[in-house]
There are 2 protein chains.
Amino acid sequence: MEKTDAVAALAALAQDNRLDVFRLLVRAGPTGMPAGAIAETLGLAPNTLTFHFDRLRSAGLVSARRDGRSIIYAARYERMNALLGFLTENCCEGLSCTPARKRTGVPA
Amino acid sequence: MEKTDAVAALAALAQDNRLDVFRLLVRAGPTGMPAGAIAETLGLAPNTLTFHFDRLRSAGLVSARRDGRSIIYAARYERMNALLGFLTENCCEGLSCTPARKRTGVPA
DNA sequence: TAATTATTTCGATACTCGTTGAAATATGGA
DNA sequence: TCCATATTTCAACGAGTATCGAAATAATTA
């Protein structure tokens, strides 16, 4: 991942509502969630949400596909991991950065 | 780490010059670097740099101490790792998030 | 004390951001 | 076709951001 992409991804996540949206999508799994359900869950206006989706999408953090009248948004895990990779790559270059990254999940 | 802190840290890193500053400090090691040297290395005006230091510092990502006339800034690795922890914690909750986090560094 | 060096503070400016309300577009059903 | 549902587009607004130049502050040296 390039520095430009990292800045874009960081900026996309650096906002309350967007971080909520992304976390919700991450928990929703690969299937994703329709925009309306996200709006209702988080109590956000649909047009506001569109604005945030655009940010997340152009940062490559979420994908969108149409299903009937709904548009389903889903987290792009690879991108998230690329960001983490970039950050750790530039963090722990032979230094005592004490990773201590706890892994509670089930790696694929 | 709280969500508020995560947003603050992400916002602090989500800017070209600040990301440069932080990466430089991370590579400089625990000893840190004087503000002037950072300014020269990155080609930034000292007052602009002060602005960015403030952001990084109030996000808890760097520390500052005085040494003579210079002020030495240093990366706070724990904070960086807390952020990574927060992101992975909220990322891989039993999902196929394919971590693939390569570890090139030397963990403490 | 006066001059020098290192960094910060202040005021101003152009720009971007997040939100809102109203209107537009797309899809599916009667 | 007409209507309802789902989402996006558009224009506008207040608030915050990144940068600059000039002046102020802190620490060292002559």
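Letters go in sequence order (proteins before strands), and every chain restarts at 1. None of these values were measured; they are calculated from a predicted model.
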Might you work through the side-chain contact (heavy atoms from CB on, under 4.5 Å) test for A:Met33 and A:Ile72, ending with a clear yes or no?
CA-CA 5 Å; A:Met33 266 179 94; A:Ile72 315 283; 5.6 Å; no

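Judged as a side-chain contact (heavy atoms from CB on, under 4.5 Å), and not counting sequence neighbours, the contacts of B:Ile71 are B:Ala64, B:Arg66, B:Tyr73. Residues satisfying the side chain to side chain donor-acceptor pair (under 3.5 Å) criterion with A:Arg79, sequence neighbours excluded, are absent altogether. Under the side-chain contact (heavy atoms from CB on, under 4.5 Å) criterion, B:Ser58 pairs with no residue, sequence neighbours left out. For B:Asp16, the side chain to side chain donor-acceptor pair (under 3.5 Å) partners are A:Lys3, not counting sequence neighbours. A:Arg55 meets the side chain to side chain donor-acceptor pair (under 3.5 Å) test with no other residue; sequence neighbours excluded. Judged as a ring pair (Phe, Tyr, Trp, His ring centres under 6.0 Å), and not counting sequence neighbours, A:Phe22 has no contacts. Annotation: salt bridge (charged side-chain N to carboxylate O under 4.0 Å, His left out) contacts of B:Arg69 (sequence neighbours excluded): none.
With hydrogens and angles ignored, the 3.5 Å screen pairs no side-chain donor or acceptor of B:Glu2 with any backbone N or O of B:Thr4.
Of the residues in residues 12-19 of chain B, none has a non-hydrogen atom less than 4.0 angstrom from any atom of DNA chain C. Heavy-atom distances under 4.0 Å link DNA chain C to A:Asn47, A:Thr48, A:Phe51, A:His52, A:Arg55 of residues 46-63 of chain A, given in residue order.
Rounded to whole Å, atom C1' of C:dG18 lies 15 Å from atom CG of A:Leu42. Rounded to whole Å, atom C1' of C:dG18 lies 11 Å from atom CG of A:Leu44. For A:Asp20 and C:dG18, the CG to C1' distance is 14 Å, given to the nearest whole Å.
Under a hydrophobic clustering in which Ile, Leu, Val, Met, Phe, Trp and Tyr are joined whenever their side-chain heavy atoms come within less than 4.5 Å, directly or via other members, A:Leu56 and A:Phe51 fall into different clusters.
In plain terms, the two heavy atoms of B:Pro30 and B:Ala74 that are nearest each other are O-CB, 3.8 Å.
Within the structure, salt bridge (Lys or Arg N to Asp or Glu O under 4.0 Å) pairs that include any residue of residues 39-50 of chain A do not occur (at least two apart or interchain).
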At a cut-off of 3.5 Å, list every protein nitrogen or oxygen paired with a nitrogen or oxygen from nucleotides 23-30 of chain C, distance to 0.1 Å.
residue	atom	partner	partner atom	Å
C:dT27	O2	A:Arg69	NH1	3.4

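The span of DNA chain D lying next to chain B, judged by atoms under 4.0 Å from heavy atoms, is bounded 5' to 3' by D:dT17 to D:dT29.
With a 4.5 Å cut-off on side-chain heavy atoms, B:Val62 and B:Arg57 count as touching.
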